[in-house]
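One structure is given below, encoded as structure tokens.
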Amino acid sequence: MKKCHQVGDTTASQALPARRGPLRAMRSVLLCAGIVAAAALTANSAAAAVGPAEKEDLKFGFIKLTDMAPLAIAYEKGYFEDEGLYVTLEAQANWKVLLDRVIDGELDGAHMLAGQPLGATIGFGTQAHVITAFSMDLNGNAITVSNDIWEQMKPHVPHENGLPVHPIKADALKPVVEKFKDQGKPFKMGMVFPVSTHNYELRYWLAAGGIHPGFYAPAKGDTSGNINADALLSVTPPPQMPSTMEAGTINGYCVGEPWNQQAVFKGIGVPVITDYEIWKDNPEKVFGVSKSWADENPNTHIRVVKAMIRAAKWLDDNNNANRPEAVKILSQPNYVGADYEVIANSMTGTFEYEKGDKREVPDFNVFFRYNATYPYYSDAIWYLTQMRRWGQIGEQKADSWYMDIAKKVYRPDIYQTAARELIAEGKIAAGEFPDFAAEDGFRAPQTHFIDGITYNGKQPNEYLEQFKIGLKGADKI
């Protein structure tokens, strides 16, 4: 017999409390009466195909970035509650704390860097089996440099009608980095975590311009990532990026929004390139849970994914028509907490580079279109190739190893179950999802990289062979 729930249950301080509206009050009564199953069957026969949630009261973590939006919208629009889930959302101090709390069970799941479930599962940094059945977004990051560095870069950037020609390649930064080296000064840049997209995108951009971002050598006890580096990269939590650069501790950084636009609004830096221009429609965050949690709560997990798919669709509906409302929600202090104007500068389809140089970038944030929510194996394998490229994976691995790890961590089977439920319930049309009968988990080979290199997820070692800078084959540090 499930225990009765109090409608006014308390939640942790400094967290957004679980929604408990009239639905929750009614459900509490039904639980106490022992007739939940019959009532649920009457109310929604389609939901019974999945079964009731094993765990109803959930706490999810996030970092204060605009791409946590699917969590916020699923909460604010009642999508979690529609699934019989009563969710508390809680901002976390940094990515390491967030991951540790998911692993030890303090959080049921979290907004994660796509590399975190992969890194944890292969034992880079933290050893734990973490999985994802939901990709939270595409794109959403940028690389920003300080005003001083931008002034030194500008002479090397092509201009047209008085404005810089985009995309701006790291070729324009290379003379600046070389000048620093000649003067015996380190050139420093920030990223948010060693297995973050930001780290790999920053490294990709730098290396494409002939600037070596350094290697990791964990087997030798060196996790700095600065071996042989021309530019020294270090970890800084996202909200602290602008102030850290303003203090002169770093010369630039790669981070998600709104912390690039914040530098523009504060007049302290210039975003020089978005990740959309480094790799068009690249996967960014995921929703991660521990494998043990997923095994113990399979119905709960499916219901969480259902709610978040609905939220992602709402965010992209009608050519981003809901974005102003989303920005208003995200600007609340319990979510991102930046000013409405700062978040709107990128979230509503534009992006401002140098102050006053605002350009249309409708796909800067993508949450649902282009199958953004589907957990593709090829996305996982790309992250693993970058871990190998920069030494986080210290030895050569067979192509089959990459596939095996991708299948351990990325779970399209769970996603498909959730999607089919939404289709059966008439909430989302089948045509808005991949063709599950034909889907093999691999995107078509992707060609939209800033260096012109093609990525085929089915051939990871062949992909690595194409890079001039980075480990490949039997290379070791």
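The figures here come from the full heavy-atom set of this structure, side chains too, leaving out hydrogens, waters and symmetry mates.
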For this session: Please report the shortest heavy-atom distance between Thr66 and Leu330, naming the atom on each side.
Result: O-CD1, 3.8 Å
Exercise. Judged by atom type as modelled, is there a donor-acceptor pair below 3.5 Å linking the side chain of Asp475 to the main-chain atoms of Lys472?
Worked result: yes
Exercise. Side chains of Gln261 and Ser346: is there a donor and an acceptor less than 3.5 Å apart?
Worked result: no
Exercise. Is the closest side-chain heavy-atom distance between Ile393 and Gln386 below 4.5 Å?
Worked result: no
Problem set entry | Intermediate values then yes/no, salt bridge (charged side-chain N to carboxylate O under 4.0 Å, His left out), Asp222 and Lys220 | CA-CA 6 Å; Asp222 191 327; Lys220 296 183 177 180; over 6 Å; no
Exercise. Is it the case that Asp230 and His212 place a side-chain donor and acceptor less than 3.5 Å from each other?
Worked result: no
Problem set entry | Atom pair CD1/CE of Ile268 and Met245 - distance to nearest 0.5 Å | 4.5 Å
Exercise. Should Tyr253 and Leu202 be marked as a side-chain contact (heavy atoms from CB on, under 4.5 Å) after you check the CA-CA gap, both sets of side-chain angles, and the distance that decides it?
Worked result: CA-CA 8 Å; Tyr253 55 76; Leu202 181 53; over 6 Å; no
Exercise. What is the distance from atom CD of Glu277 to atom CH2 of Trp205, rounded to the nearest 0.5 Å?
Worked result: 11.0 Å
Exercise. So, do Phe367 and Arg323 sit near enough that their side-chain heavy atoms are less than 4.5 Å apart?
Worked result: yes
For this session: Using only heavy-atom distances, determine whether the side chains of Tyr200 and Gln392 contain a donor-acceptor pair under 3.5 Å.
Result: yes
Exercise. Can you name the closest pair of heavy atoms from Gly61 and Leu71 and give their distance?
Worked result: O-CD1, 3.9 Å
Exercise. Quick one: does Met308's side chain get under 4.5 Å of Phe287's, heavy atoms only?
Worked result: yes
For this session: State, without any angle test, whether Arg303 and Asn299 hold a side-chain donor-acceptor pair at a distance under 3.5 Å.
Result: no
Exercise. Do the side chains of Lys458 and Tyr377 get nearer than 4.5 Å, heavy atoms only?
Worked result: no
Problem set entry | Flag for Asn456-Glu462: side-chain donor and acceptor within less than 3.5 Å | no
For this session: Check whether the side chains of Asn320 and Arg369 place a donor and an acceptor atom closer than 3.5 Å, and report yes or no.
Result: yes
Exercise. Would a distance-only check, ignoring hydrogens and angles, find a side-chain to backbone donor-acceptor pair under 3.5 Å from Asp339 to Glu341?
Worked result: no
Seminar exercise, completed: What one should report as the nearest heavy-atom pair of Pro70 and Asp67 is CD-O, 3.5 Å
For this session: Take atom NZ of Lys188 as the centre, draw a 6.0 Å sphere, and report whether it contains more than 12 heavy atoms from other residues, nucleotides or ligands.
Result: no
For this session: Using only heavy-atom distances, determine whether the side chains of Asn461 and Asp399 contain a donor-acceptor pair under 3.5 Å.
Result: yes
For this session: Determine whether Thr132 and Arg411 make a side-chain contact, defined as any pair of heavy atoms from C-beta on separated by less than 4.5 Å.
Result: no
For this session: Show the numbers, then the answer: is there a side-chain hydrogen bond (donor to acceptor under 3.5 Å, both in side chains) between Asp363 and Tyr370?
Result: CA-CA 10 Å; Asp363 285 341; Tyr370 315 137; 2.7 Å; yes
For this session: Evaluate side-chain contact (heavy atoms from CB on, under 4.5 Å) for Gln396 paired with Trp401, printing each intermediate quantity in order.
Result: CA-CA 10 Å; Gln396 183 176 16; Trp401 179 89; over 6 Å; no
For this session: Verify the ring-centre separation between Tyr376 and Tyr410: is it less than 6.0 angstrom?
Result: no
Exercise. Could you walk me through whether Lys427 and Glu432 pass the salt bridge (charged side-chain N to carboxylate O under 4.0 Å, His left out) check?
Worked result: CA-CA 11 Å; Lys427 292 187 171 75; Glu432 297 192 74; over 6 Å; no
Problem set entry | Side chain proximity check, Tyr276 to Asp281, heavy atoms < 4.5 angstrom | yes
Exercise. Roughly how far, to the nearest 0.5 Å, is CG of Asn228 from CD1 of Ile477?
Worked result: 6.5 Å
For this session: Using atom types as modelled and distance alone, determine if a side-chain donor or acceptor of Thr244 lies under 3.5 Å from a backbone N or O of Thr249.
Result: no
Exercise. Between the side chains of Glu439 and Tyr374, is a donor N or O closer than 3.5 angstrom to an acceptor N or O?
Worked result: no
For this session: For Pro167 and Ile273, work out which heavy atoms get closest and say how close.
Result: CB-CD1, 4.0 Å
For this session: Would you please indicate if the ring centroids of Tyr353 and Phe351 are separated by under 6.0 Å?
Result: yes
Exercise. Between Gln116 and Tyr383, do the side chains contain an N or O donor and an N or O acceptor separated by less than 3.5 Å?
Worked result: no
Problem set entry | Nearest-0.5 Å distance, OG of residue Ser196 to CD1 of residue Ile63 | 11.5 Å
Exercise. Will you find, in the side chains of Asn139 and Asn365, an N or O donor that is under 3.5 Å from an N or O acceptor?
Worked result: no
For this session: May I ask you to test the Glu257-Leu65 pair for a side-chain heavy-atom distance under 4.5 Å?
Result: no
For this session: Quick one: do Thr144 and Val255 satisfy side-chain contact (heavy atoms from CB on, under 4.5 Å)? Show the steps, please.
Result: CA-CA 8 Å; Thr144 293; Val255 74; 5.9 Å; no
Problem set entry | No-hydrogen, no-angle side-chain donor-acceptor test under 3.5 Å, Glu54 and Thr300 | yes
Exercise. Strictly under 6.0 Å, is that where the ring centroids of Phe449 and Trp279 end up?
Worked result: yes
Problem set entry | Greater than 12 external heavy atoms within 6.0 Å of Lys266's NZ | yes
Problem set entry | Heavy atoms from other residues, nucleotides or ligands near CD of Glu395 exceed 12 (cutoff 6.0 Å) | no
For this session: Report the C-alpha distance between Arg310 and Asp82 in whole Å, list the side-chain angles of each, state the deciding distance to 0.1 Å, and finish with yes or no for salt bridge (charged side-chain N to carboxylate O under 4.0 Å, His left out).
Result: CA-CA 11 Å; Arg310 289 180 68 192; Asp82 287 349; 2.9 Å; yes
Exercise. Asp108 and side-chain hydrogen bond (donor to acceptor under 3.5 Å, both in side chains): which partner among Lys55, His301, Lys59, Arg101?
Worked result: Lys55
Exercise. Within a radius of less than 6.0 Å around NZ of Lys169, do more than 12 heavy atoms belonging to other residues, nucleotides or ligands occur?
Worked result: no
Exercise. So, do Trp259 and Pro239 sit near enough that their side-chain heavy atoms are less than 4.5 Å apart?
Worked result: yes
Exercise. Is the ring centre of His111 less than 6.0 Å from the ring centre of Trp95?
Worked result: yes
Exercise. Quick one: NZ on Lys408 to CD1 on Ile131, what's the gap to the nearest 0.5 Å?
Worked result: 11.5 Å
Exercise. Does one side chain, of Tyr415 or Thr373, offer a donor that lies under 3.5 Å from an acceptor on the other?
Worked result: yes
Problem set entry | Donor-acceptor side-chain pairing of Gln240 and Ser243 below 3.5 angstrom | no
Exercise. So, for Tyr455 and Tyr463, is the gap between ring centers shorter than 6.0 Å?
Worked result: yes
Problem set entry | Spacing of Asn282 atom CG and Thr274 atom OG1 [to the nearest 0.5 Å] | 9.0 Å
Problem set entry | Side-chain donor-acceptor pair present, Tyr204, Asp451, cut-off under 3.5 Å | yes
For this session: List the steps and the verdict of side-chain contact (heavy atoms from CB on, under 4.5 Å) for Leu471 and Arg388.
Result: CA-CA 7 Å; Leu471 302 181; Arg388 171 59 186 144; 3.8 Å; yes
Exercise. Looking only at heavy atoms, what is the nearest atom pair of Ala120 and Leu99, with distance?
Worked result: CB-CD2, 4.5 Å
